[in-house]
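Notes for the one structure printed next.
Letters go in sequence order (proteins before strands), and every chain restarts at 1. All of these numbers come straight from a predicted model, not from anything done at the bench.
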Number of protein chains: 2
Amino acid sequence: MSTMYDVAQQAGVSVATVSRYFNGGYVSPAAREAIDAAVNVLAYKPNRIARTLSNKSSQIIGLVVPSVTNPFFPELARAVEGEASRKGYQVVLCNAEGSIEKEKAFIDSLTSSFASGIISSTGNCGDYYEKNGIPVVSVDRELGTGAPHVTSDNYFGGKIVCEHLLERGCQKLAFIGASVESTSQRYRREGFFDKATQMGLPMPALFTADETDEYQILNKEGEQLSVYDGIFAWNDFAAIQAIRSLHQVGVNVPQQALVVGFDDIHIAKLYTPSLSTVAQPIYEMGRAATELLLRQIAGEKLQGVTYLLSVSLIERETTRHKVV
Amino acid sequence: MSTMYDVAQQAGVSVATVSRYFNGGYVSPAAREAIDAAVNVLAYKPNRIARTLSNKSSQIIGLVVPSVTNPFFPELARAVEGEASRKGYQVVLCNAEGSIEKEKAFIDSLTSSFASGIISSTGNCGDYYEKNGIPVVSVDRELGTGAPHVTSDNYFGGKIVCEHLLERGCQKLAFIGASVESTSQRYRREGFFDKATQMGLPMPALFTADETDEYQILNKEGEQLSVYDGIFAWNDFAAIQAIRSLHQVGVNVPQQALVVGFDDIHIAKLYTPSLSTVAQPIYEMGRAATELLLRQIAGEKLQGVTYLLSVSLIERETTRHKVV
DNA sequence: CTGAAAGCGCTTACAG
DNA sequence: CTGAAAGCGCTTACAG
């Protein structure tokens with residue numbers, strides 16, 4: 001690998017001039033031409049590490065996600081990448097896999113690599129992010145640090161699901177969540193519960209989707225999911241698990257029970273029956289988060305800023321039936 | 001952020017000694033203690049970039065994947081990460097998104113960041129990888145450069161699917177592939193076709209799953225998928241698309257047609273009907289690829305080495321019926 | 001418009 | 001066991 005020094009020699013100029021050539025400083029046409037040629041001959045590529053060390057900035061943004069098996073996050077990653085690369089930033093995907101330790105290691109690594117900023121969607125390690133003093137924005141799950149935050153309107157999503165199920169004639173509502181409740185899940189649940197209470201219905205039952213085991217739906221009270229006719233799962237995966245569980249005990253969706261998910265991941269429309277769900281504007285979430293981060297990097301103060309993006313209910317086969 | 005120099009001052013030693021403290025050189029107990037304390041007081045973290053520039057090596061391995069929406073690759077990424085981090089390496093996920101340009105940019109970036117090596121599963125840019133002279137291994141899709149390669153036995157997978165469908169009484173076979181054929185897809189198809197021919201059957205029909213559009217299955221000859229009773233899709237997603245398409249035109253799986261996928265992604269067992277498929281040992285593939293890469297980094301010559309890992313057929317509901 | 005020089009934060013022979 | 005010094009490949013005031 002040739003260095004900038006080699007190029008300078010080859011072109012008969014100093015390294016300072018070569019550096020300017022790459023960073024848009026003043027370079028005479030003659031010098032520019034000589035450098036052009038030298039770069040081609042030597043197939044020179046600037047060294048990122050040296051550049052980063054000098055600049056104390058890498059033009060890299062870290063995207064920390066809690067999982068990569070839930071398709072929501074890969075799709076979010078695509079959006080962030082798209083927007084970031086348009087602005088000349090690279091993004092490195094950090095999969096914390098639910099481990100606080102791993103997440104801290106990522107934060108340390110990003111920081112000591114002069115990352116320009118971090119987008120986090122884990123909802124964890126808020127203080128650790130803050131301590132580093134590097135620009136941070138959260139998406140989907142809040143960090144609780146006042147860092148700018150982008151989320152979809154989860155509460156409203158929960159409400160419209162409740163309305164939809166009631167319209168379809170459901171009487172006995174249930175909610176399925178994950179074992180550890182993120183802020184997103186909480187708002188969805190609260191929107192759902194609040195609307196139910198508001199309509200004079202009893203509190204919906206609460207179930208937990210077991211993420212480790214195979215499509216297992218658990219409930220502390222020992223009630224069976226099959227007792228309910230209107231089921232709202234906090235995400236599409238849990239919804240599919242629920243349909244599968246019901247199928248297993250002979251309950252057909254949507255003939256005997258309606259099910260609604262959240263996210264509108266790719267598989268939702270391919271599933272049989274196709275899944276009614278609340279669509280989040282994933283691309284827009286990624287784009288907005290990136291924009292907020294870049295503005296912070298540029299020096300703007302954005303503490304406390306929150307983008308609440310609107311969601312919409314997508315009616316598919318799992319609610320295409322009227323429960324009587 | 002404090003530097004090694006600050007720690008040295010605080011501890012009353014030279015930076016050389018502090019460096020040795022971190023890199024396992026000789027350090028007297030007294031000095032060690034002083035440095036310990038200083039590191040704590042200053043919350044010092046070694047700077048990765050400076051370290052990398054000095055060492056001309058970053059202990060980072062790049063994993064280049066063609067997509068992140070096909071769950072196979074995120075799962076592969078988990079495996080690679082698991083094995084790599086156990087050996088003290090970090091992995092950065094590079095999502096080429098089917099773009100040659102992006103992939104080259106990743107290779108450049110990785111190279112000029114002193115990455116220790118690259119694992120690629122794109123099957124593209126073989127010469128570009130080679131030119132950089134940095135250790136490379138391919139997984140799933142071959143690069144055609146003689147780089148060590150890890151793959152599952154796709155050809156055998158195709159064969160056993162054919163056998164399975166024939167056993168179940170299928171007569172009219174069809175294969176569904178992606179529009180651009182990777183080496184993996186080719187072997188699966190060839191195994192499937194060879195076995196069919198070998199059993200005296202006519203050549204199976206060839207269909208293409210449109211990845212851009214919504215569950216669209218295309219075929220040049222204009223034949224309809226519904227004519228076939230034994231369908232092998234090159235991956236689980238395409239299989240689900242096929243089932244969905246058939247459902248759309250009133251053909252029920254498995255009553256009227258059997259379908260088998262490939263990969264055994266998470267959704268396969270949750271789908272209704274649950275999907276028969278060929279399971280790849282994804283974790284083992286990632287582990288083996290990482291091992292081969294690390295051995296190359298350590299200096300071993302592994303040109304031409306190939307690991308062929310065995311696959312197994314998982315029978316689920318989509319082939320749980322006998323076609324008559 | 002350009003070059004010499006210092007500096008980014010670390011590592012590593014080389015003396016001692 | 002330890003320190004002074006050079007070097008990794010770049011950038012950027014500062015003179016000129």
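B/Y21 comes within 4.0 angstrom of nothing in the nucleic acid, heavy atoms only. A/V18 comes within 4.0 angstrom of no nucleic acid atom, judged by non-hydrogen atoms across all strands.
Taking atom P in both C/dT2 and C/dA6, the straight-line distance is 22 Å, to the nearest Å.
The base of D/dG9 is not paired with the side chain of A/R48 by any donor and acceptor separated by under 3.5 Å. At a cut-off of 3.5 angstrom, counting only N and O atoms as typed in the model, there is no donor on one side facing an acceptor on the other between the side-chain of B/S28 and the base of D/dC1.
For C/dC10, neither phosphate oxygen OP1 nor OP2 lies less than 4.0 angstrom from any side-chain nitrogen or oxygen of B/N23. The side chain of A/Y5 places no N or O atom within less than 4.0 Å of a non-bridging phosphate oxygen (OP1 or OP2) of D/dG7. Listed pair A/R51 / D/dT11 meets the phosphate criterion, a side-chain N or O lying under 4.0 Å from OP1 or OP2. Residue A/S54 places none of its side-chain N or O atoms closer than 4.0 Å to OP1 or OP2 of D/dC10. Residue B/S14 places at least one side-chain N or O under 4.0 Å from the OP1 or OP2 atom of D/dG3.
Taking every side-chain heavy atom of A/A31 into account, C/dT2 is the closest of D/dT11, D/dG9, C/dT2. The listed nucleotides are C/dT12, D/dT2, C/dC10; the one nearest the side chain of B/Y26 is D/dT2. Of the candidates C/dC10, C/dC8, D/dC10, C/dC10 carries the atom nearest the B/A50 side chain, counting heavy atoms from C-beta on. Counting only heavy atoms from C-beta on, B/V27 has its side chain closest to D/dT2 among C/dG9, D/dT11, D/dT2. For A/R20, the side-chain atoms get nearest to C/dT2 when compared with the rest of C/dT2, D/dG7, D/dC10. Of all nucleotides listed (C/dG3, C/dT11, D/dG3), C/dG3 comes nearest to the side chain of A/V13. Among D/dG9, D/dT11, C/dT2, the nucleotide with an atom closest to any side-chain atom of A/T3 is D/dG9.
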Next item on the list: Let me have DNA chain D in dot-bracket notation, would you? Count Watson-Crick plus G-U wobble pairs, both distances under 3.5 Å, and use [ ] for pairs crossing earlier ones and | for inter-strand partners.
Entry: |||.||||||||.|||

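Mapping B/T17 and B/N55 onto DNA chain D by nearest heavy atom places B/T17 closer to the 5' end of the strand.
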